[in-house]
Number of protein chains: 2
Amino acid sequence: MQNRITDTLKKHQLSITDSRKKILSFFLESGSALAHADIEVKSSTEFDRVTIYRTLQTFVEKGIIHTIPTADNSILYALCKDDCVAGHHHDDHVHFICDECASTYCLDHVSIPKVKLPKGFTVVQTNLVVSGVCNKCEQ
Amino acid sequence: MQNRITDTLKKHQLSITDSRKKILSFFLESGSALAHADIEVKSSTEFDRVTIYRTLQTFVEKGIIHTIPTADNSILYALCKDDCVAGHHHDDHVHFICDECASTYCLDHVSIPKVKLPKGFTVVQTNLVVSGVCNKCEQ
DNA sequence: TACAACAGTGCAACCATGTTGCAAAATATT
DNA sequence: AATATTTTGCAACATGGTTGCACTGTTGTA
């Protein structure tokens with residue numbers, strides 16, 4: 001596990017620091033998407049707020065994580081799949097928010113269906129967020 | 001025009017005030033979605049920031065406007081169609097953001113295609129935001 | 001139309017979230 | 001191990017949004 005973390009950081013030409021290792025481990029352990037606030041709570045004053053912001057920013061730039069827009073106007077971050085490279089994310093998949101446990105998942109294998117727009121509108125990007133009940137909360 | 005505005009306010013059991021009339025008129029005139037900041041600029045210090053926030057909140061509660069989640073993490077507001085009632089919005093249509101002019105449109109007549117989720121996931125709501133070039137910016 | 005009851009507004013103060021500059025500390029390089 | 005570079009923590013700031021309270025405008029009734 002620790003190896004995987006340092007390997008990932010090295011692969012993206014980032015120096016190995018405590019905060020980066022810890023924050024990356026949170027993502028690997030959780031499996032679902034995390035907000036800045038989640039990380040702040042998990043690390044409980046171990047790192048400065050600013051460090052967390054900057055680390056997340058760096059991870060996004062390097063293609064380790066990507067952002068997810070949400071309906072309630074907060075930013076979420078989730079691990080990218082391996083084929084994301086710096087500056088070019090492959091994040092055009094469906095995102096799912098569970099109404100029960102509030103977790104957000106990237107459904108990497110569900111692609112967004114094409115939509116037909118009125119005349120004169122050209123599609124560049126589509127973003128689909130689905131909410132409901134996830135497979136863990138289902139009884 | 002003025003009649004339409006006061007009628008709408010009366011229909012939703014709201015008292016007729018200057019700020020409500022003015023803010024509602026902005027929506028009717030613009031046709032596209034507006035952010036809090038847009039309204040603040042348009043009304044240039046005529047009303048307090050807080051009044052604008054509260055008016056928008058009231059309009060959302062009464063079903064006059066609805067919110068649109070955006071990728072850049074700001075809240076947009078747009079007029080509801082007539083069949084929206086207080087507490088129950090019919091806002092499950094596609095939203096379109098123009099990359100050129102930054103306007104946001106509700107494409108009321110484009111419905112969101114059904115997506116098939118992995119086993120165990122139940123869909124309650126879907127939200128689709130498309131970005132690209134709108135019909136006004138198209139050459 | 002006048003007046004009381006009520007709803008809506010403006011102000012000030014506050015909170016949450018995110019950003020920037022700079023000195024100190026940690027990491028990487030030789 | 002010593003230096004160059006990167007990262008961190010702190011303080012201060014910026015923005016977006018909320019709350020409490022006194023004041024003002026709107027509404028319904030007489």
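In what follows, every chain begins at residue 1, and chains take the letters A, B, ... in the order their sequences are listed. Computed from a prediction, not measured in an experiment: that's the story for all the values here.
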Five-pair end axes of the helix from C/dT1-D/dA30 to C/dT30-D/dA1 and the angle they enclose, rounded to 10°: 30°
Who pairs with B/Lys21 by side chain to side chain contact (heavy atoms under 4.5 Å, CB included), at least two apart in sequence or on another chain? B/Gln2, B/Ile5, B/Thr6, B/Leu9, B/Ile16, B/Asp18
Donor-acceptor pairs under 3.5 angstrom involving side-chain atoms of residues 116-124 of chain B: please list them, not counting sequence neighbours.
none

Applying side chain to side chain donor-acceptor pair (under 3.5 Å), name anything that partners B/Glu40, two or more places apart in sequence or on another chain. B/His36
Whole-Å distance separating the CG atom of A/Leu76 from the C1' atom of C/dT17: 14 Å
Do A/Leu28 and A/Arg4 make a side-chain contact, defined as non-hydrogen atoms from C-beta onward lying under 4.5 Å apart? yes
Each nucleotide in nucleotides 6-16 of chain C should get exactly one letter: B, S or -. Can you fill that in based on protein heavy atoms under 4.0 Å? -SSBBBB----
Would you mind reading off the distance between A/Ile75 atom CD1 and C/dT17 atom P, rounded to a whole angstrom? 12 Å
The side chain of B/Ile16 is closest to which nucleotide in this list: D/dG17, D/dT27, C/dT19? D/dT27
Enumerate, atom names and distances included, each donor-acceptor pair closer than 3.5 Å involving a side-chain atom of residues 46-56 of chain B, sequence neighbours excluded.
from: B/Glu46; atom 1: OE1; to: B/Lys22; atom 2: NZ; distance (Å): 3.1
from: B/Glu46; atom 1: OE2; to: B/Lys22; atom 2: NZ; distance (Å): 3.3
from: B/Asp48; atom 1: OD2; to: B/Val50; atom 2: N; distance (Å): 2.9
from: B/Thr55; atom 1: OG1; to: B/Thr51; atom 2: O; distance (Å): 2.7

Within the pair A/Gln57 and C/dG18, is there a side-chain N or O less than 4.0 Å away from OP1 or OP2? no
With a 4.0 Å cut-off on heavy atoms, is A/Glu40 in touch with a base, just the backbone sugar-phosphate, or nothing at all? nothing
By side chain to side chain contact (heavy atoms under 4.5 Å, CB included), B/Ser15 pairs with (sequence neighbours left out) B/Arg20
Phosphate contact (D/dT18 OP1 or OP2) by B/Tyr53 side-chain N/O below 4.0 Å: no
Quick one: list whatever passes side chain to side chain contact (heavy atoms under 4.5 Å, CB included) with B/Ala78, sequence neighbours left out. B/Ala33, B/His66, B/Ile68, B/Cys106
Which salt bridge (Lys or Arg N to Asp or Glu O under 4.0 Å) pairs, counting each pair once, include a residue from residues 23-34 of chain B, with sequence neighbours left out? none
